[in-house]
Amino acid sequence: MLYTQEHQELQRSVKKFIETEINPHVDEWEDAEIFPAHALFKKMGDAGFLGINKPQAYGGMGLDYSFQLAFVEALGDVRCGGVPMAIGVQTDMATPALARFGSDELRREFLVPTIAGDRVCSIGVSEPGAGSDVASIKTFARKDGDDYVITGTKMWITSGTQSDWICLLANTSEGAAHKNKTLICVPMKSKGVSVAKKLKKLGMWSSDTAQLYFDEVRVPQRYRIGEEGMGFTYQMQQFQEERLFAAAQWTALDRILRETIAYTKERQAFGQSILDNQYVHFRLAELKTEIEALRALVHDAATKLVAGEDVTMLASMAKLKVGRLGREVADGCLQFWGGMGYVWESNVSRLFRDIRLSSIGGGADEVMLGIIAKYMGTLPRKA
Amino acid sequence: MLYTQEHQELQRSVKKFIETEINPHVDEWEDAEIFPAHALFKKMGDAGFLGINKPQAYGGMGLDYSFQLAFVEALGDVRCGGVPMAIGVQTDMATPALARFGSDELRREFLVPTIAGDRVCSIGVSEPGAGSDVASIKTFARKDGDDYVITGTKMWITSGTQSDWICLLANTSEGAAHKNKTLICVPMKSKGVSVAKKLKKLGMWSSDTAQLYFDEVRVPQRYRIGEEGMGFTYQMQQFQEERLFAAAQWTALDRILRETIAYTKERQAFGQSILDNQYVHFRLAELKTEIEALRALVHDAATKLVAGEDVTMLASMAKLKVGRLGREVADGCLQFWGGMGYVWESNVSRLFRDIRLSSIGGGADEVMLGIIAKYMGTLPRKA
Amino acid sequence: MLTQPNPRHYSADHTAFRATVRRFVEREILPHAAEWDEAGGFPRGLYEKAAATGLLGVGFPEEYGGTPADHFYRLILAEEMGRSGSGGTAASLMSHTIGLPPLVAGGSAELNARVIPGVLAGEKISALAVTEPGAGSDVAQLATTAKRDGDAYVVNGSKMFITSGLRADWYAVAVRTGGPGAAGVSLLAIERDTPGFTRSELKKMGWWASDTAELHFDDCRVPATNLIGAEGQAFPLIMRNFNGERLTLAASACGAAQACLEDAVAWARERKTFGQPLIAHQVIRHKLVDMVERIEATRALIDDLASRLDAGEQPVAQTAMAKNHAARTMQFCADAAVQILGGSGYMRGVRVERIYREVKVMMIGGGAEEILKDLAARQLGF
Amino acid sequence: MLTQPNPRHYSADHTAFRATVRRFVEREILPHAAEWDEAGGFPRGLYEKAAATGLLGVGFPEEYGGTPADHFYRLILAEEMGRSGSGGTAASLMSHTIGLPPLVAGGSAELNARVIPGVLAGEKISALAVTEPGAGSDVAQLATTAKRDGDAYVVNGSKMFITSGLRADWYAVAVRTGGPGAAGVSLLAIERDTPGFTRSELKKMGWWASDTAELHFDDCRVPATNLIGAEGQAFPLIMRNFNGERLTLAASACGAAQACLEDAVAWARERKTFGQPLIAHQVIRHKLVDMVERIEATRALIDDLASRLDAGEQPVAQTAMAKNHAARTMQFCADAAVQILGGSGYMRGVRVERIYREVKVMMIGGGAEEILKDLAARQLGF
């Protein structure tokens, strides 16, 4: 994938936005363990950043996925992982299915304000008893007249304490686990929705994460996305964007690598710069090599996504690799910062804590391996 | 890089050639520790395979590098590393500089028969005292009238016992190591050229490797490629293709992975197929992920090469990664074959021995790291 | 679950001591570890409790209230403290194990009698202050100066990353009394209430319960009698102290790795996914075995080292390598445990989450991995 | 260069024995190792030389001509043999260390008196034959049958990957005398000249000097008195034998790793690139330290294991993990050494080239890494 001038211009404007509207506040948001999603997203919506590859009819730019990828990659400039993650929920995790399969009415009611930045959304898949095991979720939406009445618990919900609506995966019938699920837009102010607790995490502090409780929550059936029973399929498709979003955070690794080069170049020990140690510049070259391989893999997947191919396997591979490589890069770089890297406020220490989520959230490494094996035709039938 | 139908057709015809003309003889050639380069290359030349991206004026097809890459990737079907390596010398290591900078006369004399498969060539860079350290070679070509008179020793020369000419790097003056070198086409039958010894190697048995001795070898100065003193620069450029050739052997890794899947699917132990063990299909999925990342990196580099960019850094990264990943894939797959993988004739055991060269030949890993660091701007000046 | 301690190294007395330390950790530390971490400190009374249990005096001379002990007692102590998974508490509680040895080795009887007994009784806190903001591991370059002025030294400069730096009563501070290089370095015992001596807190990725500080000396007058050893002779003291610290760090990293293993096994037994407990998944079982294998190898390496130290050898390279090896084992086990616990492993208040944030301090503190490799290479004659 | 053996484990007698083995390796094996490897075998006279030096009888009962010894002698022997970097020679020369123990444990006095003394004297060669073409590590599935017929068993089937398989005089062969599963397995001592018993050579990636074979039994009549232990009782004998083999494999892998280190250091000192010796490059020095660190940890783990075995423990899981650990260390060191030697490391006739081709047999033979992890997981209660 070779970016055009248009891609580069988009990235420039995103980066400028980050420098003025995000990075100056990151330390404060990290300390608060939350960022003001409504205020920030409104500004992003005004700038057009929240609907780059969404249909123009609903306020989007109507560009192809390569532009969305360019946007996501630019988010690597943000000096934390939490804010980009919440942005990703808004653009690539909770809304692709809605944009693709939602009715016109539903898209006007939920997608338009989300793209405009007037509403903050969450994605509700994981549950306390079913983290990576999507098929085994327990939340149930029974039909009552024209409504769904929803009961269940959702876990690890990004922006869960401040979002306006959630794209919720629920069982709408008994029967085969892959055919009994439905995606529903649920307003968070609905009666019966409560935040069971705000979770304290190792990293990703600027992003609020919640456990949500749904107790006989009533929403009209027209809030359903697409067809009933197709929720699992839609969500699997939506996971492609989610995983590519995660993998596109290679740019954050690259940023830390650059910062590490600058620091080790300046810092002196034993009569030379730290960077002049052969093990340092060799190790950084190794890490850069792997980052480039990940970048190439992401771009390859994006190229094929734009060409209309199913990139589930490639996206899962890229997601697996960003989690593992992320830990390696964070660890390797922090090591060269020494004590200065271990202090709380350093960017590299933040990446170290934030990136650990990549191998857990959005489907753990082991889940990715299962998916890849399935696409390779090597997964045993019963497993 | 998305291959077109033309790329795929080329690959099909190459693979068919391999199945009929190469693979049936590989075991025999491996045992003989040499393959009949003249006979095979003549057939390949007839098929047009030796000049895919060489100018049509000299018998090539005049296609862009993406077609050459498609050809090289198809070579992964060959059931050994030695024969593809010798082919690579013929097409991507010894001839790119000649094709690019050689005089019309020189190209008629050396390039045309090489593309036709009438002549077998070698590349002469390494020396006993300067393996990866190209700048410090000692072979000297002094001028005498219209001739060069060459003296020195070249090491690790692929096809060295049967080639007709060698693209030789020699010092042609004293002075700065990067500006005193020249590439010269030297016929191997010239007086004073001798094979000091045929080397016995860990792997790559079907390819003959030699140490060559040049004792006052006289060749006309018109055998010089391009300008005098530009040899180092030409060779560095030529290394791009050499490294991409090495990295494109990811297809051999992929082939072994597929063979391993087939074997472990069939083979039973402890009441189930070996493949059904979770560690087996997970490990194979991890290896496949890295192979795909390498593939994407190679294609990214090739795309940029075709677009006219300097891909030295990307090609060096890909070369580094194929060596390291190659060892990992060969090791991981052989493990799952157990004793059957350890027997001499197995494809996986051959890959295990052959691929070890990738981190040594064509610039060792440590040399690649130095180059990458240099392009990253992190290499200390004096190192 | 793990193999028992090797009887060739561990006596019944060792075993009894291990039980004592483990009980102390389980009663006095573990129940509070998460809370103290979030609070950024632990009650000062813990020092006295540890002293009463006989933990602070291990390996120190009897004349100062200590209990001489072989290296295995020190290993056991560090390992069991490491098992608490509260490296911050352990680091500050045991900071005298790096703060006092230079005094024992080089301090005058008078100075030692003033400093050591109170520390071993848990009434006073001892810290070591060598690292500087600008010098890192490069002791020979340190820039804090101590100029002789009558019967005192006047100290100016800063120290960085000092464990127990906020609360300590006594600081063993490396200072430059002479010219450049290692030969100009001395050690001074400095009291906390010395005028001109201030401290500022450092926030860290982990070890939250530990009070780590930057120290500032601004024309501090320190009595010349507080000099530890002879002037300009501190470099070997500091180096020897590093070796002792590395052994302790290795053992506590090994203990932390065991804590990760225990929590991972317990979780894997309890947690069900895809219809079966996690531990029924082959890759999980193999990962647990990988953890055990690394722990066993590290433990064997440390036991080997301790027995050599008891036999009077000075295996500097092996000590450096053991510390590196143990830190890598801890890293592997912390990463594996967080992965096995999944989302729960990412939540604060969970032991493996805390340990994950404590990995890097083990790979940096007491000599970064690469520095130790350089050291080992020199020692091995490479 | 490496630390000396830990005096807590190694006595002066151990040291003397090590010197004896090392001298034997340096005089009798090393000068010929490359040549024997290319030739695909070593002279049969080497067995007698080894016996005369006292190497074959180590750990065997005196009544059969052996020399009872603690586990450290066996470690020393295996480690020093491993240092030869000729795993093939060592494997065949010492194949009685897996071929004889089942006899010692279960054979009748009469049978043992017929078989063992000649082997320990170096006159006869002993092999173990368990693995089959279709069964691999899965002993309970083995398909070679022995049907009782009068005072003999009639044996039919094949055995695969048998070390000393071509030249051995006595084979301890696992056969099925009963129903399916482990309880139907017995062991028979079979002589080479038994009618119907044929052998075919296997070509391997490494261990060229070792005669590895596939065995074929076609209606072989074997006297019933050649039964080793009771009928159907062989499974535990075979499993115990595996444990012994794994300890030996671990030690020899550790020895091979040391050989790689030695050759890498020597080459790095001598070879110049970019104007300075390789060893002056920091990454090379660090890589050498990485090698030492792994070797030291492996050595400590094996020492720990041997001392536990001497104390009567049966640490099956630890044995499995030690074998895995040592094989990984050998793999790391072989790879690093070939990398440091560069093109020269890729050339046949060079010790590290040979060792590189011998890594995988260490990771597969005696129980593949993954099988051993499964075993360890079960043993540890995971």
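First the proteins, then the strands, lettered A, B, ... as listed; each starts at 1.
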Contact check, side chains of A:Val26 and A:Arg350, non-hydrogen atoms, under 4.5 Å: yes
Side chain proximity check, A:Trp156 to C:Ser344, heavy atoms < 4.5 angstrom: yes
Under a 4.5 Å heavy-atom cutoff, which of [options] has the most pairs with chain A?
options                                : answer
C:Lys373, C:Arg354, C:Glu369, C:Arg357 : C:Arg357
C:Ile284, C:Asp335, C:Leu202, C:Asp374 : C:Asp335
C:Gln141, C:Met160, C:Gln331           : C:Gln331

I need the residue from [options] with the largest number of non-hydrogen atom pairs under 4.5 Å to chain C.
options                                : answer
A:Val280, A:Leu369, A:Asp365, A:Asn277 : A:Asp365
A:Trp337, A:Trp205, A:Phe336           : A:Trp205
A:Gly361, A:Ser359, A:Gly339, A:Ser346 : A:Gly339
A:Lys201, A:Met340, A:Arg356           : A:Arg356
A:Met155, A:Lys200, A:Glu345           : A:Lys200

Taking 4.0 angstrom as the limit, do [X] and [Y] come out as a salt bridge?
X        : Y        : value
A:Glu33  : C:Arg348 : yes
A:Arg283 : A:Glu328 : yes
A:Asp208 : A:Lys198 : no

Aromatic plane relationship, C:Trp208 with A:Trp344 - under 30° parallel, 30 to 60° tilted, over 60° perpendicular: perpendicular
Can you tell me which portion of [X] sits under 4.5 Å from chain A's heavy atoms? Options are side chain, backbone, both or neither.
X        : answer
C:Phe161 : side chain
C:Gln276 : neither
C:Val338 : both
C:Thr212 : neither

Under 4.5 Å from any heavy atom of chain C - which part of A:Tyr279: side chain
Evaluation steps, side-chain contact (heavy atoms from CB on, under 4.5 Å), between A:Arg255 and A:Asn347: CA-CA 10 Å; A:Arg255 170 176 56 84; A:Asn347 284 344; 4.1 Å; yes
Ring center gap for A:Phe352 and C:Tyr356 short of 6.0 angstrom: yes
Working for side-chain contact (heavy atoms from CB on, under 4.5 Å), residues C:Ser92 and C:Phe42: CA-CA 9 Å; C:Ser92 276; C:Phe42 59 89; 3.6 Å; yes
